[in-house]
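Counting convention: from 1, in listed order, for ligands and their atoms alike. Side-chain atoms are counted along with the backbone in the values below, which use heavy atoms only and exclude waters and symmetry mates. Keep in mind the model is a prediction, meaning the values are calculated, not measured.
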Amino acid sequence: MALRALARVNLAAIERNVVSLRARLDGEAALCAVVKADASGHGAVPVARAALAGGATTLAVATAGEAAELRAAGLTAPVLVLGAISAEELSIVLGANAEVVAWTESFVRALADAVPAAAPGSVNVHVKLDSGMGRLGTRDRTEALSVAEAVRRAEPALRLTGVMTHLATADGDLDFAAAQLAVFAPFAAESQRRFGRLCVHAANSAATLRVPGSHFDMVRCGIALYGCDPMNEDPDATGLEQAMVLSSYVAAVKRAEAGDSVGYSRRFIARSPTWIATMPIGYADGVRRGLTNNCEVLIDGRRYPLVGTVSMDNITADLGPETPSVRAGAEAILIGRSGEERQTVEDIAQRLGTINHEVLCGISARVPRRYHRDGTPMP
Ligand SMILES: Cc1ncc(COP(=O)(O)O)c(C=O)c1O
């Protein structure tokens, strides 16, 4: 029985992607699986398990709540919260036994104060240098070293674990990425000279694939886990496997005569008689309205153009003038393969003028996720 909208995720593909990424790492670098934003819509907990099975040693998320979600599911691997943490969120971070990123002494003090005196467990802290991303972290290397010093002073409540930065252009301008690394590497070396062995990390997926000199002790991969291309081009070129298939089904096939319109605002009017398929998936599911008259759907191994306005709950495709072979009930693929045809997350992102991450994050909670390993359903 077809579901109106369905996201199928192949966890074996994610596991293999991690194995494949690890095989490309420089030296002994470890892989941190970045599963923020519900693993970009793939499901943080199942993706985290698959990534760990593939050899990831650490998980990373953006928020305290996301760390708590992983812990609530019973995951015991280290979890690093990459994002800013407000005073209100400190207790959630501590409750989740998560690792944190610091770039101000005031945050380090607040964190240390929040660790219960009666049970001083160590909170692992990574100090962030802003080497050119211009968001979180301090640009001032001396300040970053002072922050690391403050963490050291707060032992045993806190433990200085790592130093990190984030690259702004590993998916594009590699000269700027090299310039960022030229800022970061001496800071990392100085930190280790002063404070001993630390986990040094900088690379996202793009840098993991394109900038071997950025791997250091650990890489932080998000989008590559899902088999998507960090450069937003052909994902097959990465040698990774796209893990998600987004589908609907043909709920109705009917004839439109010349002059008949389809959908809100009549943004498609048949010039000549044609057949229209309606599929019950829409922008509330993540098929963005910007795809109106601007996308294709794969049915029975063939591509058909979407026509008419994408509605909240429905889309429509033009099957052409011949009596269609497409029957009500047929599977309709928005992301994935059908026969020899495929439509990637990147194809859709390009049509929308955005990146694969945003397309994936837009697949809403209304869309059920079903997990399998190479076709074998998982509970
Ligand atoms: C600090 C940090 N590291 C790593 C990543 C992973 O990036 P990507 O999904 O491009 O691999 C992100 C995600 O944006 C991030 O914010």
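Close N/O approach between Met164 and ligand 1 is not found [any backbone or side-chain N/O within under 3.5 Å].
Remark: Arg342 engages Asp234 in a salt bridge, criterion side-chain N to carboxylate O under 4.0 Å. Salt bridge annotation for Glu296-Arg303: present, with a cationic side-chain nitrogen under 4.0 angstrom from a carboxylate oxygen. For Arg16 and Asp374, the salt-bridge test passes: some basic side-chain N is under 4.0 Å from an acidic carboxylate O. Salt-bridge check for Asp260 with Arg266: failed, with every basic side-chain N at 4.0 Å or more from each acidic carboxylate O. In summary, Glu155 and Arg159 do not engage in a salt bridge, as defined by a charged side-chain N under 4.0 Å from a carboxylate O.
The nearest heavy-atom contact from the protein to atom 7 (O) of ligand 1 is Asn204 CB, 3.5 Å. Of the protein's non-hydrogen atoms, the one nearest atom 11 (O) of ligand 1 is Ser205 OG, 2.5 Å.
When non-hydrogen atoms are compared, ligand 1 lies under 4.0 Å from the backbone of Ile223 as well as from its side chain.
Shown in contact with Cys221 at under 4.0 Å from a heavy atom are these atoms of ligand 1, numbered in order with element: 11 (O).
Residue Lys36 holds the heavy atom nearest to atom 12 (C) of ligand 1 of all those in Lys36, Arg220, Lys128. Atom 5 (C) of ligand 1 has its nearest heavy-atom neighbour, among Arg135, His166, His201, in His166.
For the residue pair Asp318/Thr274, the side-chain donor-acceptor check at 3.5 Å is satisfied.
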